[in-house]
A.B. asks: 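There's a structure below that I have some questions on.
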2 protein chains.
Amino acid sequence: MADIARLAGVSVSTVSRALSGSKLVNAETRQRVAELARSLNYSINLGAQNLRLQKNRTVAVVVPFEAASRQHISDPFFLALVGSIADALTDQGYDMLLSRVDAEHLDLAAQFYDSGKAIGVIMVGQWRHHDQLNALAARQLPLVVWGGAMPQQLYCTVGGDNTDGGLQATRHLLQLGRRRIAFLGDAALPEVWLRREGYQQALREAGLQADPALELALPFEPGGARTALERWLPQAPAFDAVVACSDLLALQAIHTLRAAGRRVPEDVAVVGYDDMPLAAYCDPPLSTVHQPVAEAGAELVATLMAQLRGERSPSRTLGVSLIVRRSAA
Amino acid sequence: MADIARLAGVSVSTVSRALSGSKLVNAETRQRVAELARSLNYSINLGAQNLRLQKNRTVAVVVPFEAASRQHISDPFFLALVGSIADALTDQGYDMLLSRVDAEHLDLAAQFYDSGKAIGVIMVGQWRHHDQLNALAARQLPLVVWGGAMPQQLYCTVGGDNTDGGLQATRHLLQLGRRRIAFLGDAALPEVWLRREGYQQALREAGLQADPALELALPFEPGGARTALERWLPQAPAFDAVVACSDLLALQAIHTLRAAGRRVPEDVAVVGYDDMPLAAYCDPPLSTVHQPVAEAGAELVATLMAQLRGERSPSRTLGVSLIVRRSAA
DNA sequence: CTGAAAGCGCTAACAA
DNA sequence: TTGTTAGCGCTTTCAG
């Protein structure tokens, strides 16, 4: 900026004003400065500008990862969600700082806010650390979490209606006449816990009782799930249907079942979760609970913005819908 | 920092030194300052620090989007690539600024560098604007692009070996005895162009000639592809195999073919591209060219770092491999 | 309409 | 071992 000032024969203050389009500066001078800036390929140093203006338009988006399993970002649903958040932030003129933090130390996410890197945090998933998220919210950190709304939580969530998702999936299987329905997913995660609530409620409605032996706490990662399934299947009680907590899990279950000589959907009907773009093209086409990804990003961002404006923003639950395809038809 | 200084009864410089672990400051004082900082939940303002130190550890990752079609980030392969880049950057202690820019104005990506927001740019895909990327590189912008290495390009790319991918896929189909092989993908994109080179080379090796009528320039977006396919199929010449430039395209082709009464793989064998996690579970399981996603992120980041160290970094091509599954077996 | 000067939060000579 | 001072690149009173 000093260079431009010198070349234009004016002071830096004038350049600053010219560049910000202030009416205080002579139109002709403004023109000259603008041209000079363009020809020098100059653009304002935003770090300095932010420092001076005490402003910032960067939002941190945090994707937890399991350090133990050296699990990287790979879940297609979360990835799609990140894409959708990027779209929403871009639309609103915000920058997105994407980073991973150890799922055991979600509290590290506060760093982005404390250090002034970001004005708020969007956390993609709760994992097992409901408590740490509560602690973060208590610190007044502008925070929105994608996940399930648990009773008495202090932080703000946006998420699909997990209970309803579990309910719809299970009711559908019951309507097909299935009575022994397995549940695949780790209930230590709030989202899965809520889906299981729905699953159990549907069973109760039908006068049935959930059999704990039909429940398998599968990790979301592809690798671990497969071996766990293969070990579980031979010693599991008989079942004629499966509710899986992701499409990937559902497909692996189908694969394992077939390897064991069971037909899908004839012997075992399967419902997945997420409705990934490929679910319709699977073998067999997958019945699954559709989550509104595009809406999710927009809603997460809108909720964070409301919080930044000082509004009390309650948690939001987005509608989900069961898509029936051949795997459970 | 001033607050801490006051409370600790020392000067800001001392606090600054204490916090940065300088040996120049009394161990006892350092201790006191550290505790104070922790209790106040203080952390350094990185914007100010960067300004003062003239440093920056943020890399911009840019995902172009087609403004015309209001197409958002959704391609699963690019999304996975973004995840892999995030992993690699985190491992190296860098922050990642994720953003979309209009594919018609890739030159806007320079903003991130010029404004000091980022020290360099990783561009995910070239789209149609080879020329704009050349212009960017000419500006001395630290830049690495995921995509195909075109002759005489000025910018640095990292990408899968597209020619070899096209070659392997087509050779395999020829070995199966297929002779009329369709090619699905928009050759205006360098990656697709190179894949088509491989496709044509394989045909030549077999003494065949590529039939332009068997080539369909499909956009990558799901929506557009489907209708274009449905329109093309009835008037296309007879063919017994398909090379598609993404798994999603391959699956849509299979779907359309079946709707038209053609069997896959019996009547038409199909090979996709990318090897997405679900490709193995599709109907039928998809033969496809596997791209090394995890390696890709690490390589993009390593190449950018080399560039920042002032080294001349040549474009890198990563090996790909054909995975044979039922859709072409 | 324009310039001089102060200051955003931090670090690093230079002195003491 | 610590404090004083200047300055990173920018904006904005306050005077002219």
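Every chain is numbered from 1, with letters handed out A, B, ... down the list of sequences.
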A.B. asks: What is the separation between atom CG on B:Leu24 and atom P on D:dG3, rounded to the nearest whole Å?
C.D. replies: 13 Å

A.B. asks: I need the CG-P distance between A:Asp3 and D:dG9, as an integer number of Å.
C.D. replies: 10 Å

A.B. asks: For the pair made of CD in B:Glu28 and C1' in D:dT1, what is the distance, rounded to whole Å?
C.D. replies: 12 Å

A.B. asks: Test your reading of the model: is there a side-chain donor-acceptor pair from A:Asn56 to the backbone of A:Gln54, 3.5 Å cut-off?
C.D. replies: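 The answer is no, because no donor-acceptor pair under 3.5 Å joins these two groups.
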
A.B. asks: Go through B:Tyr155 and B:Met123 one step at a time and tell me if the side-chain contact (heavy atoms from CB on, under 4.5 Å) criterion holds.
C.D. replies: CA-CA 11 Å; B:Tyr155 57 95; B:Met123 174 96 50; over 6 Å; no

A.B. asks: What is the distance, to the nearest angstrom, from the NZ atom on A:Lys55 to the C1' atom on D:dT12?
C.D. replies: 15 Å

A.B. asks: Got a list of side-chain donor-acceptor pairs under 3.5 Å for residues 133-144 of chain B, not counting sequence neighbours?
C.D. replies:
from: B:Asn134; atom 1: OD1; to: B:Leu154; atom 2: N; distance (Å): 2.6
from: B:Arg139; atom 1: NH1; to: A:Asn41; atom 2: OD1; distance (Å): 3.1
from: B:Arg139; atom 1: NH1; to: B:Asp114; atom 2: OD2; distance (Å): 3.1

A.B. asks: Say whether B:Gln307 and B:Thr303, considering side chains only, have a donor N or O and an acceptor N or O under 3.5 Å apart.
C.D. replies: no

A.B. asks: Among all residues two or more places apart in sequence or in another chain, which pass the side-chain hydrogen bond (donor to acceptor under 3.5 Å, both in side chains) test with B:Asp95?
C.D. replies: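 If we apply the side-chain hydrogen bond (donor to acceptor under 3.5 Å, both in side chains) test to B:Asp95, skipping adjacent residues, the hits are A:Lys117.
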
A.B. asks: Is the phosphate of C:dG3, meaning OP1 or OP2, less than 4.0 Å from a side-chain N or O of A:Thr14?
C.D. replies: yes

A.B. asks: Nearest whole Å is fine: how far is D:dT11 P from A:Ile4 CD1?
C.D. replies: 11 Å

A.B. asks: Assign a letter to each nucleotide of nucleotides 7-16 of chain C from its 5' end: B, base within under 4.0 Å of a protein heavy atom; S, sugar-phosphate only; -, no contact.
C.D. replies: BBBBBBB---

A.B. asks: With no hydrogens and no angle check, do the side chains of B:Ser16 and B:Ser13 hold a donor and an acceptor under 3.5 Å apart?
C.D. replies: no

